[in-house]
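One structure is given here, and the rest of the page talks about it.
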Amino acid sequence: MLRQAVILVGGLGTRLGERTKTVPKPMLEIGGRPFLDTLIDELARYHVFDEILLLAGHRAEIVETHYAGATKGRAKILVSRESEPLGTGGALVHARNLLHDRFLLLNGDSLFDLNLLDLIARAQGGRVHMALRDGVVGDRYGRVVLDGDVVRDFIAPGSGATGPVNAGIYVVDKSILADIAKLPASLEQDVFPGLTASGALRGTAYRGYFIDIGIPDDFARADRELPEKLRRPAVFFDRDGVLNHDSGYTFETHKLGWIEGAREAVKAVNDAGYFAFVITNQSGVARGYYEEHHVLALHRWMADQMALIGAHIDAFEYCPDHPDGTVARYCRASDRRKPAPGMITDLIKRFPVDMTRSMVIGDKQSDIEAAQAAGVAGHLFEGGNLEVFVKQRLASTRNG
């Protein structure tokens, strides 16, 4: 599993005119906040990246002041600063000693709403695997010619060609740096042609919202659209009895048994563009059977196991409290403990959730009552294959 995400933040952004003379393009405000904040938030919700590396060039001091030494979720944020413009390939060469052997690379001036872990899971062959946006209309972007998942050619913008476009997200093998003979260097112009000739450049096309803020019209469109486009429905999963077998106060990884189709069900939710959340009562903490750090460690392990098949949970919420607990600080009633809706309402304060199409999936009546109290649909899972169950609920939501 890749643990590092790298964002290119160094371009001059000349097409945006006066806006970028004093501010790096990714630091411009879109929807009331720096665009780069949004990209980092999108990465952090996957819970697999330990490090987010920002490759800063133009007005790099602004990026350093805003992010250096910061963390987001489980990810530490680092900044690599260029002293002169080196191009997209040169920025990687400059940061060579900071790069992992394989990493996720993103352009800092575009957002593509796809399941990044699906791209990572597919990137098993080739030295670079691109995310492509399918179905883009117009001649602004060049086109990519695919043969299966092998990139065979690039067609320049303005030629009237059809096909997917490069969305500026890549799974990269660090070995490509050996292909860069001189600086400055461009990935697109100096590296990708050689990879294409050798069959080492791969790609997968996705649908999903895509915006590049590099020209004034699209910058304005992003400012109008982005807050609503980031709003999405959610599936709130109970944990024990839904994602894993309820063996009684589960907290050890070697004792966790996945429900059939559980990880695949989470991936189906991810691929549908929904948030995926876990809401779980963990009274074992209040009863003294285990501690909160055991819960956190188990959830991190579950996240890693899901990531292996391209699935992720956006947030794990748990309630350690119980009024009959034996550990004094947890011996209390809580509005976060189901059937109360507190875990759900806390999540919708932190994430832009479309509640009208959201749902809770649980195996107990308390889960359904929590859903009702929060104002979302509740579905009782009584066993079987969770992927089949979830896909049926997603289909009925889309159709009804």
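Remember, predicted model here, so these are calculated numbers, not experimental data.
- In this structure, His129 contributes its side chain and Ile120 its backbone to no donor-acceptor pair below 3.5 Å.
- Inter-residue side-chain proximity for Val9 and Leu36 is flagged as met; some heavy-atom pair is nearer than 4.5 Å.
- Annotation: ring pair (Phe, Tyr, Trp, His ring centres under 6.0 Å) contacts involving residues 166-193, sequence neighbours excluded, comprise Tyr170-Phe192.
- Under the 4.5 Å side-chain criterion, counting only non-hydrogen atoms from C-beta, Val165 is not in contact with Val144.
- With respect to the salt-bridge test (charged N to carboxylate O, under 4.0 angstrom), the residues Asp190 and Lys182 do not qualify.
- Of all non-hydrogen atoms in His245 and Thr250, the two that sit nearest each other are O-OG1, 4.1 Å.
- With sequence neighbours excluded, the residues satisfying ring pair (Phe, Tyr, Trp, His ring centres under 6.0 Å) with Phe316 are His299.
- Within a 6.0 Å sphere centred on CZ of Arg350, other residues, nucleotides and ligands contribute more than 12 heavy atoms.
- Ala276 approaches Val269 most closely through the heavy-atom pair CB-CG1, 3.9 Å.
- By the 4.0 Å N-to-carboxylate-O rule, Asp304 lies close enough to Arg3 to be salt-bridged with it.
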Practice prompt. Evaluate the criterion salt bridge (charged side-chain N to carboxylate O under 4.0 Å, His left out) for residue pair Glu225 and Arg221; output intermediate values, then yes/no.
Written response: CA-CA 6 Å; Glu225 294 179 351; Arg221 182 164 66 89; 3.2 Å; yes

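- A 4.5 Å side-chain heavy-atom check between Ile169 and Asn107 finds every atom pair outside the cut-off.
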Practice prompt. In sequence, state the C-alpha distance, the side-chain angles, and the governing distance for Thr88 and Glu188, and then conclude on side chain to side chain donor-acceptor pair (under 3.5 Å).
Written response: CA-CA 8 Å; Thr88 52; Glu188 296 79 5; 3.2 Å; yes

Item to complete: Would you please test Glu18 and Lys21 for salt bridge (charged side-chain N to carboxylate O under 4.0 Å, His left out) and show each step?
Response: CA-CA 5 Å; Glu18 294 295 321; Lys21 285 192 174 180; 3.0 Å; yes

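- In this structure, a donor-acceptor pair under 3.5 Å is absent between the side chains of Glu252 and Tyr290.
- Legend: residues meeting side chain to side chain donor-acceptor pair (under 3.5 Å) with Asp354, ordered by chain and number and at least two apart, are Thr356, Arg357.
- In the hydrophobic clustering (ILVMFWY side chains linked at under 4.5 Å, chained through shared members), Leu12 stands by itself.
- Salt-bridge check for Lys72 with Glu42: failed, with every basic side-chain N at 4.0 Å or more from each acidic carboxylate O.
- Ion pairing of Arg232 with Asp113 is present here, as a side-chain N (NZ or NE/NH1/NH2) and a carboxylate O approach within less than 4.0 Å.
- For His66 (side chain) and Val63 (main-chain N/O), no donor-acceptor pair under 3.5 Å exists by modelled atom type.
- In terms of hydrophobic clustering, with Ile, Leu, Val, Met, Phe, Trp and Tyr side chains grouped at heavy-atom distances under 4.5 Å, Met359 and Ile313 are assigned to a common cluster.
- Under the 4.0 Å criterion applied to side-chain N and carboxylate O atoms, Arg122 and Asp118 are assigned as salt-bridge partners.
- Using a 4.5 Å cut-off on side-chain heavy atoms (C-beta onward), Trp301 and Leu256 make contact.
- Considering only residues two or more places apart in sequence or on other chains, His58 meets the ring pair (Phe, Tyr, Trp, His ring centres under 6.0 Å) condition with none of them.
- A side-chain donor-acceptor contact under 3.5 Å links Arg393 to the backbone of Phe389.
- Checked by atom type, the side-chain pair Ser175/Asp173 shows a donor-acceptor distance below 3.5 Å.
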Practice prompt. Evaluate salt bridge (charged side-chain N to carboxylate O under 4.0 Å, His left out) for Asp238 paired with Lys338, printing each intermediate quantity in order.
Written response: CA-CA 10 Å; Asp238 177 45; Lys338 294 175 292 184; 2.8 Å; yes

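- Looking at Arg45 and Asp314, a side-chain N of the basic residue comes within less than 4.0 Å of a carboxylate O on the acidic one, giving a salt bridge.
- Taking every heavy atom of both residues into account, Val360 and Asp367 meet most closely at CG1-O, 3.8 Å.
- Sorted by first and then second residue, the ring pair (Phe, Tyr, Trp, His ring centres under 6.0 Å) pairs involving residues 195-243 (not counting sequence neighbours) are Phe112-Phe210, Tyr141-Phe210, Phe236-Phe277.
- Applying the side chain to side chain donor-acceptor pair (under 3.5 Å) test to Thr14 and every residue at least two apart in sequence or in another chain returns nothing.
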Practice prompt. List the steps, then state whether salt bridge (charged side-chain N to carboxylate O under 4.0 Å, His left out) holds for Glu369 with Lys364.
Written response: CA-CA 9 Å; Glu369 291 176 20; Lys364 297 181 178 66; over 6 Å; no

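- At least one side-chain heavy atom of Ile30 sits under 4.5 Å from a side-chain heavy atom of Ile213.
- Every residue meeting the side chain to side chain donor-acceptor pair (under 3.5 Å) condition with Arg300, not counting sequence neighbours, appears here in chain and number order: Asp50.
- Closest approach of Gly142 and Pro157 over heavy atoms only: N-CG, 3.5 Å.
- In this structure, the side chains of Ile77 and Thr71 stay at 4.5 Å or more apart for every pair of heavy atoms.
- A distance-only check finds no donor-acceptor pair linking the side chain of Asp335 to the backbone of Gly342 [under 3.5 Å].
- By the criterion of side-chain heavy atoms lying less than 4.5 angstrom apart, applied directly or through intervening Ile, Leu, Val, Met, Phe, Trp or Tyr residues, Val136 is not grouped with Ile155; the two fall into different hydrophobic clusters.
- Taking hydrophobic clusters as Ile, Leu, Val, Met, Phe, Trp and Tyr residues chained together by side-chain heavy-atom distances below 4.5 Å, Phe275 does not share a cluster with Val48.
- Of all heavy-atom pairs between Pro85 and Pro184, the closest is O-CB, 4.0 Å.
- Residue pairs meeting the ring pair (Phe, Tyr, Trp, His ring centres under 6.0 Å) criterion with at least one partner in residues 6-57, sequence neighbours excluded, are Tyr46-His312.
- Sequence neighbours left out, not one pair with a member in residues 317-347 passes ring pair (Phe, Tyr, Trp, His ring centres under 6.0 Å).
- Under the 4.5 Å side-chain heavy-atom criterion for grouping Ile, Leu, Val, Met, Phe, Trp and Tyr, Leu177 is not connected to Val171 through any hydrophobic cluster.
- Two residues are said to be in side-chain contact when any heavy atoms from C-beta on lie closer than 4.5 Å; Ile361 and Val235 meet this criterion.
- Cluster annotation: Met130 and Ile180 are assigned to the same hydrophobic cluster (Ile/Leu/Val/Met/Phe/Trp/Tyr, side-chain heavy-atom contacts under 4.5 Å, transitive).
- Rounding to the nearest 0.5 angstrom, the gap separating the NZ atom in Lys229 from the CG atom in Leu111 is 11.5 Å.
- Partners of Thr196 by side chain to side chain donor-acceptor pair (under 3.5 Å), not counting sequence neighbours: none found.
- For the salt bridge (charged side-chain N to carboxylate O under 4.0 Å, His left out) test with Asp218, the passing option among Lys25, Arg140, Arg15 is Arg140; the others fail.
- Defined by atom type and a distance below 3.5 Å, a donor-acceptor pair is present between the side-chain atoms of Thr38 and Arg33.
- Between Asp147 and Arg152 there is a salt bridge, with a side-chain nitrogen of the basic residue lying less than 4.0 Å from a carboxylate oxygen of the acidic one.
- Side-chain contact between Leu347 and Ile279 is present, with at least one heavy-atom pair separated by less than 4.5 Å.
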Counting only pairs under 3.5 Å, give me each side-chain donor-acceptor contact of residues 374-385, with atom names and distances, residues two or more places apart or in other chains.
{"from": "Asn385", "atom 1": "OD1", "to": "Glu387", "atom 2": "N", "distance (Å)": "2.9"}
{"from": "Asn385", "atom 1": "OD1", "to": "Val388", "atom 2": "N", "distance (Å)": "3.1"}
{"from": "Asn385", "atom 1": "ND2", "to": "Glu260", "atom 2": "OE2", "distance (Å)": "3.4"}

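- Look at Asp346 and Arg336 and you find a salt bridge, because one of the NZ, NE, NH1 or NH2 atoms lies within 4.0 Å of a carboxylate O, short of that distance.
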